[in-house]
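What follows is a single structure, written as structure tokens, with notes after it.
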Amino acid sequence: IYIPHTTDRTVFFRLNDGVQLYCGFNVTETALEERDYENNVTILSADLNGDDGLFFENNEENAHTLVYTLNVSNNTILDGFTLFGANANGDPGATLEKKSGGGFFNDIIWGTNGISSPVIRNCIFDSNYALLEGGGLFNSGSVGENYTLIYNCVFINNEAEIGGAIYNGGNNGVCNAEIINTRFISNNARQTGGGIYNFVLNGGEVSPKITNCIFMNNTAGSAAGYYSLTFGGTSLSTITNCVFYGNNATNGGALYLNTSADGTNEATVNNSIFWGSISGFDPHFHFSGSGDPQVHLSNSLVDAPDCGGLVAGDHVVDCGQGIKYNEDPLFVNAEEGDFHVMEGSPAIDAGSNAAIEATGVMVDIDGEDRILQNIVDLGVDEWMIMTQDDDGDIRIKHVPAALPIPLVNPVGDQLDFVNLHLPERQYQYQIVDLVGRVVQAGSFQVSGTQAMLPIRFQTPGIYFLQVAGLNHNVRFFKF
């Protein structure tokens, strides 16, 4: 655990241009890829006294901001850290970084037309607070340019007046962040934008690209999940293969667009799932302002009876092809945040390949390949059927029927199944040899995400495992 200072709340960790910070080492590594940031946890903590409780309890002495960048290039990297407990509650006359961007404040020198585009990877933003904007991250493109990359991060339990997790600002400038494989969970905006808040002013632009992201159980007065506001500027959001689940706001549970008469505000949504969000008015999409905000929705799954049920009032959603209405996505365990889908889900093979290919992100949220059975799935996960990994474990993997499964590590007296995303029940199986003779048959129990199948025959050779209900075989070598 590292704190920026022992007593001074105004001190932060400043990440200068070109500096790359990585963590997760145990001093035995000889290469960067050998580190393990998930088990060797490194925390940047704003809790100067080490006494924080739940829901920002005892955070009065906490540092205002944890990490600060100013006019940095994309060669500036923060990778693998947990940013915890900032309290940006500065006095009304305090500078903005003492009132916004508790976890991370990415700044541009006003009026310099500078660029500030750090890379933030594998980080957790936990329980950061801001009096104004961006409890987790304040991301500025005002009178400059900002192309921040956020990859494989988690924003959880952050809070602000607007933009509980992230605030993207484009006042006479550009703030086009790209956010990939990131989870927004239980963030809160006291006013607007529990997950993400985009603000455009004076001809600026804020056009984020959001891919393989989860917006779950975020709350706000308005727009619990995602919000864009334009005054005389442009916001063209691209949301692809995302899940919006259980977000709760008075208006606009999942997504809210607000634009002035001289602004442009559009969101193009593909391959995504909207399920279980709650709102007194418009749980899916909400529109306001004197302009013409638009949502272009295609190849997605929504818990509404039809396109007309997605928004109330005079506004309409532009509903394209491939939309599934009121079909249960069959998540493994949405309440616990597991948005893998089970066998038989209508999300399987229901997306647009062109949409995901346009993002350049050809893996799902687990880092597994996309488009494995000719058509991409909806949501953050590509459903999996059986294959065998390099350790000899069986994985459920979605593979084309014509693709031969490679022969990998030999098997002794049992087959181990890992990372399963199937209902917990008994599964019937049989093992056949190269000429199709059944050498073993029976059932095995899936418990959690694992299972084990004993091998009862002794003859070495090449065999195929077949499981009832799964359409592909696993080839293995018995020694």
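If you read the sequence from its start, that first residue is 1, and numbering goes on from there. All values derive from a computational prediction rather than experimental measurement. The basis for the numbers below is simple: all heavy atoms, side chains too, and nothing from hydrogens, waters or symmetry mates.
Using a cutoff of 4.0 Å between basic side-chain nitrogens and carboxylate oxygens, R370 and E382 are scored as salt-bridged.
With no hydrogens or angles considered, no side-chain donor-acceptor pair links N152 and N181 at under 3.5 Å. Under 3.5 Å, the side chains of T148 and N106 contain a donor-acceptor pair of N or O atoms. For the residue pair N248/T219, the side-chain donor-acceptor check at 3.5 Å is not satisfied. Checking S300 against S272 by side-chain atom types alone, no donor-acceptor pair falls below 3.5 Å. Looking only at atom types and distance, the side chain of T192 has no donor-acceptor partner in the side chain of Y256 under 3.5 Å away.
Using a 4.5 Å cut-off on side-chain heavy atoms (C-beta onward), Y68 and D107 make contact. Considering only heavy atoms from C-beta on, W383 stays 4.5 Å or farther from E368 through its side chain. Using a 4.5 Å cut-off on side-chain heavy atoms (C-beta onward), L236 and T268 make no contact. Here the side chains of Y2 and T42 are in contact, with some heavy-atom distance below 4.5 Å.
Here the CD-CG distance, from E205 to N146, works out to 12.0 Å after rounding to the nearest 0.5 Å. Taking CD1 of I196 as the start and CD1 of I179 as the end, the distance is 4.0 Å to the nearest 0.5 Å. L310 CG to D318 CG: the interatomic distance, rounded to the nearest 0.5 Å, is 11.5 Å. A distance of 6.5 Å separates CG in N212 from CG in D364, rounded to the nearest 0.5 Å. A distance of 10.5 Å separates CZ of R183 from CE of M216, quoted to the nearest 0.5 Å. Distance check: I323 CD1 to N299 CG gives 8.0 Å after rounding to the nearest 0.5 Å.
In this structure, E34 and E29 approach most closely via the heavy-atom pair OE1-CA, 3.3 Å. Nearest heavy-atom pair, I120 versus C153, reported as atom, atom and distance to 0.1 Å: O-SG, 3.6 Å. Scanning all heavy atoms of the two residues, the minimum distance from F285 to V311 falls at O-CG2, 3.5 Å. Taking each heavy atom of A355 and N271 in turn, the nearest pair found is CB-ND2, 4.0 Å. Considering every non-hydrogen atom in both C23 and G80, the closest pair reads SG-O, 3.0 Å. Taking each heavy atom of A86 and H64 in turn, the nearest pair found is CB-O, 3.6 Å.
Residues meeting the side chain to side chain donor-acceptor pair (under 3.5 Å) test with D282, sequence neighbours left out: H286. Checked against side chain to side chain contact (heavy atoms under 4.5 Å, CB included), L132 has the following partners two or more places apart in sequence or in another chain: L96, K99, S100. Partners of N39 by side chain to side chain contact (heavy atoms under 4.5 Å, CB included), not counting sequence neighbours, listed by chain and number: D36. H284 meets the ring pair (Phe, Tyr, Trp, His ring centres under 6.0 Å) test with no other residue; sequence neighbours excluded. Considering only residues two or more places apart in sequence or on other chains, C319 meets the disulfide (SG to SG under 2.5 Å) condition with C307. With sequence neighbours left out, S277 forms a side chain to side chain contact (heavy atoms under 4.5 Å, CB included) with N247, A254. Looking at residues two or more places apart in sequence or on another chain, you find a ring pair (Phe, Tyr, Trp, His ring centres under 6.0 Å) between F125 and F155. For S45, the side chain to side chain contact (heavy atoms under 4.5 Å, CB included) test picks out I1, I3, I43, D47, F84, with sequence neighbours left out. Here F81 pairs with nothing under the ring pair (Phe, Tyr, Trp, His ring centres under 6.0 Å) rule; sequence neighbours left out. Remark: D126 engages no residue in a salt bridge (Lys or Arg N to Asp or Glu O under 4.0 Å) (not counting sequence neighbours).
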Derivation of the side-chain contact (heavy atoms from CB on, under 4.5 Å) call for N241 and T359: CA-CA 10 Å; N241 282 97; T359 70; over 6 Å; no
Side chain to side chain donor-acceptor pair (under 3.5 Å) evaluation trace for N158 with N187: CA-CA 5 Å; N158 302 284; N187 302 285; 3.0 Å; yes
Trace of the side chain to side chain donor-acceptor pair (under 3.5 Å) decision for T230 with T259: CA-CA 5 Å; T230 62; T259 189; 2.4 Å; yes
Step-by-step side-chain contact (heavy atoms from CB on, under 4.5 Å) determination, V41 to I124: CA-CA 10 Å; V41 178; I124 299 172; over 6 Å; no
Stepwise side-chain contact (heavy atoms from CB on, under 4.5 Å) test for N374 and D349: CA-CA 8 Å; N374 301 319; D349 295 341; over 6 Å; no
side-chain contact (heavy atoms from CB on, under 4.5 Å) between L66 and F104, intermediate numbers included: CA-CA 6 Å; L66 272 168; F104 195 126; over 6 Å; no
Chi angles and distances behind the ring pair (Phe, Tyr, Trp, His ring centres under 6.0 Å) call for F184, Y226: CA-CA 10 Å; F184 297 87; Y226 187 90; 8.9 Å; no
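The aromatic rings of F244 and F215 lie parallel to each other, their planes meeting at an angle below 30°, with 60° marking the opposite boundary.
In this structure, T250 contributes its side chain and G221 its backbone to a donor-acceptor pair below 3.5 Å. Under the 3.5 Å distance criterion, the side-chain polar atoms of N265 are left unmatched by any main-chain donor or acceptor of P293.
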Side-chain atoms of residues 159-169: list all donor-acceptor pairs with protein atoms under 3.5 Å, sequence neighbours left out, distances to 0.1 Å.
unit_1: E159; atom_1: OE2; unit_2: R190; atom_2: NH1; d: 3.1
unit_1: E161; atom_1: OE1; unit_2: R190; atom_2: NE; d: 3.0
unit_1: E161; atom_1: OE1; unit_2: R190; atom_2: NH2; d: 3.4
unit_1: N168; atom_1: OD1; unit_2: N139; atom_2: ND2; d: 3.2
unit_1: N168; atom_1: ND2; unit_2: N198; atom_2: OD1; d: 3.0

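For residues 353-372, the set of pairs meeting the ring pair (Phe, Tyr, Trp, His ring centres under 6.0 Å) definition, not counting sequence neighbours, is empty.
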